[in-house]
Each structure stands twice: as C-alpha cells, then as structure tokens.
Amino acid sequence: MTLSLRPVTADNYEAICDLDVAPEQEAFVACNMWSLVEAAYNDGHITRGIYLNDEAVGFFMWVYESPNKVSIYRFMVDQAHQRQGIGRQAMTLALQEIQQDSNLSYIEICYNPNNPVAKHFYASFGFIEVGMDDDGEDMLAQIALSNQ
C-alpha cells in the first residue's frame with residue numbers, strides 16, 4: 001500500500017469531486033467540488049488529492065493565511081476507505097509538506113467542537129486547542145513550529 005499526496009489538476013479533479021464522506025459526517029466537511037472552486041478563485045489555496053496507489057481516496061486543502069501561518073481548511077477520506085489508517089498517514093504527509101516552508105510559525109485547523117473523534121485525532125498530531133473561531137462555531141487548534 002503506497003499512500004501519496006498529489007496536486008489536484010485538470011486530469012484528476014473529477015475523481016476528487018466524486019469522493020464522499022459517510023452521511024453522518026456530511027455536516028462536518030464541505031464538499032470537495034466547492035473546495036476546488038474556492039481554491040481556483042482565491043490566492044494561497046493549496047489542494048492535494050490523497051492517493052492509495054493510483055486511486056483517489058481523499059482530499060486536503062490548506063491556505064496560507066499569512067506568511068507565517070497555514071490553516072488546513074479541508075481534510076477528508078472517502079467513506080469506502082475510512083478506518084484503514086489512511087487519514088493518519090495522509091495527515092502525516094500533509095504536515096511534512098506544509099512544514100517544508102521554513103517561514104511558518106503555526107499550522108492551524110478547526111473542527112466542530114461536537115466532534116470528539118476530530119478533537120482526539122488532531123491532538124494526536126500535536127494540535128492544541130486555542131479557542132473558538134470568530135463566529136463561535138468551530139474550535140481552533142494549532143501546532144506551534146520551532147522554525148523561528
């Protein structure tokens with residue numbers, strides 16, 4: 001099993017758009033098609049397909065909020081590929097790629113505070129909760145990098 005992150009391009013965007021989370025997870029994750037449209041029309045948005053061998057199985061989008069902060073906006077694994085360790089491996093790959101930017105001080109992620117699975121998953125990577133977002137809807141968690 002080879003897991004990789006690949007840029008989303010004209011050659012693979014349809015496969016990424018066809019991925020779905022389980023119905024009970026839909027309230028927690030934006031659809032991939034909307035995310036790709038958002039990335040196409042906004043600067044600083046990076047998209048990656050999560051691939052198991054040559055099959056698209058998930059999606060990431062992160063955004064350069066400032067020169068020293070990246071926010072992971074989207075992360076999903078297709079419902080048919082969940083509970084196989086793919087999410088954990090993919091998050092490791094994404095964090096490694098993001099941390100290649102030596103100017104970064106923080107990596108941030110947000111999640112619904114009513115989603116304990118997300119809370120524990122992100123905490124296992126070192127994300128520490130820093131409070132609710134400006135709308136008071138999502139919990140913000142950060143990894144402080146020691147690059148600076």
Side-chain angles (χ1 to χ4, degrees), residues 3-9 12-13 15-52 56-148:
L3 200 74
S4 62
L5 300 184
R6 300 179 188 175
V8 179
T9 67
N12 66 355
Y13 77 91
I16 299 301
C17 288
D18 288 341
L19 301 174
D20 290 308
V21 293
E24 64 272 12
Q25 297 169 322
E26 289 175 357
F28 300 126
V29 182
C31 86
N32 294 345
M33 186 181 317
W34 172 251
S35 298
L36 292 175
V37 169
E38 188 177 3
Y41 291 101
N42 291 283
D43 292 335
H45 288 55
I46 308 297
T47 58
R48 295 289 183 263
I50 302 168
Y51 278 80
L52 179 61
V57 297
F59 175 70
F60 267 108
M61 181 173 78
W62 58 83
V63 178
Y64 282 84
E65 300 278 356
S66 70
N68 67 344
K69 183 174 97 175
V70 163
S71 295
I72 299 173
Y73 273 28
R74 308 285 190 271
F75 171 45
M76 64 82 70
V77 174
D78 186 77
Q79 62 184 340
H81 294 89
Q82 293 180 5
R83 303 191 195 288
Q84 298 174 28
I86 290 170
R88 183 160 296 284
Q89 289 180 314
M91 180 61 76
T92 298
L93 291 172
L95 291 173
Q96 287 172 349
E97 182 175 340
I98 292 167
Q99 290 179 35
Q100 289 178 14
D101 183 338
S102 62
N103 295 318
L104 292 178
S105 300
Y106 298 98
I107 302 173
E108 186 172 82
I109 198 158
C110 67
Y111 49 89
N112 186 308
N114 297 319
N115 185 347
V117 173
K119 175 181 179 169
H120 295 295
F121 179 78
Y122 298 131
S124 75
F125 287 94
F127 284 95
I128 297 170
E129 292 182 342
V130 295
M132 299 297 283
D133 67 1
D134 291 340
D135 297 329
E137 295 178 4
D138 289 319
M139 177 60 67
L140 296 174
Q142 293 181 341
I143 295 175
L145 303 174
S146 59
N147 299 0
Q148 303 194 358

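Here the structure is a predicted model, which means the values were calculated and not measured.
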Assess the residue pair N115 and Y122 against the criterion (side-chain contact (heavy atoms from CB on, under 4.5 Å)); give the C-alpha distance rounded to whole Å, side-chain angles, the decisive distance to 0.1 Å, and a yes or no.
CA-CA 11 Å; N115 185 347; Y122 298 131; over 6 Å; no
Donor-acceptor pair, side chain of N12 and main chain of T9, under 3.5 angstrom
yes
Validation row: D101, V70 side chains within 4.5 angstrom (heavy atoms):
no
Minimum-distance pair of heavy atoms, taken over all atoms of A56 and L19:
O-CD2, 3.4 Å
Is N42 atom CG crowded by more than 12 heavy atoms from other residues, nucleotides or ligands, each under 6.0 Å away?
yes
More than 12 heavy atoms of other residues, nucleotides or ligands under 6.0 Å from CE of M33: yes or no?
no
With a 4.5 Å heavy-atom cut-off, do N32 and M61 have their side chains touching?
no
Determine the minimum heavy-atom distance between H81 and I86, stating which atoms define it.
O-CD1, 3.6 Å
Tested for side-chain contact (heavy atoms from CB on, under 4.5 Å) against F75, the lone hit among F59, W62, Y111, F121 is F121
Check: M91 and I109 side chains under 4.5 Å, non-hydrogen atoms:
yes
CE-CG distance between M132 and D138, expressed to the nearest 0.5 angstrom
6.5 Å
Nearest heavy-atom approach of P116 to N114 is CD-O, 3.2 Å
How long is the span from the CD1 atom in I143 to the CD1 atom in I72, to the nearest 0.5 Å?
7.0 Å
What's the spacing between I98 CD1 and I107 CD1 if we round to 0.5 Å?
5.0 Å
What's the separation between atom CG in L3 and atom CZ in R88, rounded to the nearest 0.5 Å?
13.0 Å
Strictly distance-based, threshold 3.5 Å: is any side-chain N or O of D78 a donor or acceptor partner for the main-chain N or O of D20?
yes
In short, R48 meets V8 closest at the heavy-atom pair C-CG2, 3.8 Å
Check: S105 main-chain N/O paired with N68 side-chain donor or acceptor under 3.5 Å
no
Non-hydrogen atoms of L104 and P67 that approach each other most closely:
CD2-O, 3.9 Å
For Y64, does the OH atom sit with more than 12 other heavy atoms under 6.0 Å from it, leaving out its own atoms?
yes
Write down the atom of M139, the atom of P113, and the distance for their closest heavy-atom approach.
N-CD, 4.0 Å
Quick check for you: to the nearest 0.5 Å, what is the distance between F60 atom CZ and T47 atom OG1?
12.0 Å
Interatomic spacing from SG in C31 to CE in M76 - rounded to 0.5 Å:
9.5 Å
